[in-house]
Amino acid sequence: PDILDKLFSIIQQRKKDLPENSYTSSLFKKGTTYIAQKVIEEAGEAALAASSKSKEDTISEIADLMYHTMVLMSSKEITPKEIWSELQARQTSK
């Protein structure tokens, strides 16, 4: 989780500063709907990689999915802590 917190912090900073030549900034400029579409695209690529490609390709695609999901979270003002809390609540309720 430490790397995810660090990555989320960088994503938040990119959202605030919107630096030129930043892929993350370009996603925020295109809006939440576009970011959500990227998450769908990356989820499909991760699933296809898992079913027909190497472990390394699958890792790469899952990393892309996690990154784009975190950009979507930032776009919707959702923090990793909120996700961790939801996951923990699910664990204790079962």
Side-chain angles (χ1 to χ4, degrees):
D2 290 341
I3 188 65
L4 295 178
D5 289 336
K6 184 176 180 179
L7 175 59
F8 191 75
S9 178
I10 293 168
I11 290 168
Q12 290 286 78
Q13 194 64 46
R14 296 283 196 277
K15 179 180 162 185
K16 179 182 173 194
D17 297 342
L18 294 175
E20 293 298 320
N21 301 319
S22 163
Y23 177 67
T24 304
S25 296
S26 73
L27 292 172
F28 285 120
K29 289 175 185 177
K30 291 177 182 176
T32 300
T33 299
Y34 181 81
I35 298 166
Q37 291 169 345
K38 288 297 292 179
V39 170
I40 292 167
E41 175 187 330
E42 297 299 340
E45 290 176 5
L48 290 172
S51 67
S52 64
K53 293 188 178 181
S54 70
K55 179 178 179 178
E56 291 76 21
D57 288 337
T58 304
I59 290 168
S60 178
E61 294 300 343
I62 290 172
D64 288 347
L65 174 59
M66 292 178 73
Y67 160 77
H68 284 89
T69 299
M70 293 184 82
V71 174
L72 183 63
M73 289 165 50
S74 177
S75 178
K76 296 297 291 180
E77 302 295 332
I78 297 168
T79 67
K81 184 176 180 179
E82 290 173 292
I83 301 300
W84 307 153
S85 294
E86 175 64 20
L87 291 170
Q88 187 171 23
R90 291 179 185 190
Q91 181 181 14
T92 58
S93 69
K94 293 193 178 205

Cluster link Ile59 to Tyr67, ILVMFWY, side chain under 4.5 Å: no
Within one Ile-Leu-Val-Met-Phe-Trp-Tyr cluster: Leu18 and Met73, side-chain cutoff 4.5 Å: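 Linked within one cluster.
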Taking every non-hydrogen atom, the tightest pair across Ile78 and Phe8: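 Scanning both residues, the minimum pair turns out to be O-CZ, 3.3 Å.
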Least distance between heavy atoms, Val39 atom then His68 atom: CG2-O, 3.5 Å
Any side-chain heavy atom of [X] within less than 4.5 Å of one from [Y]?
| X | Y | answer |
| --- | --- | --- |
| Thr79 | Trp84 | no |
| Asp64 | Glu61 | yes |
| Gln13 | Pro19 | no |
| Glu86 | Arg90 | yes |

Which value, rounded to the nearest 0.5 Å, describes the distance between [X] atom [atom1] and [Y] atom [atom2]?
| X | Y | atom1 | atom2 | result |
| --- | --- | --- | --- | --- |
| Ile11 | Ser25 | CD1 | OG | 11.0 Å |
| Thr69 | Ile83 | OG1 | CD1 | 9.5 Å |
| Asp17 | Lys15 | CG | NZ | 12.0 Å |
| Ser74 | Gln12 | OG | CD | 3.5 Å |

Main-chain N/O of Lys81 paired with Ser85 side-chain donor or acceptor, under 3.5 Å: yes
Short side-chain to backbone donor-acceptor contact, Thr92 and Gln88, under 3.5 Å: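 Indeed, once roles are kept as given, a pair shorter than 3.5 Å links the two residues.
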Using residues 26-37 as the side-chain source, report each donor-acceptor pair under 3.5 Å to any protein atom, sequence neighbours left out, with the distance given to one decimal.
residue : atom : partner : partner atom : Å
Ser26   : OG   : Tyr23   : O            : 2.6
Lys29   : NZ   : Glu20   : OE2          : 3.4
Thr32   : OG1  : Ser75   : OG           : 2.4

Distance-only donor-acceptor hits, side chain of residues 40-49, under 3.5 Å, sequence neighbours excluded:
residue : atom : partner : partner atom : Å
Glu41   : OE1  : Lys38   : NZ           : 3.4
Glu41   : OE2  : Lys38   : NZ           : 3.3

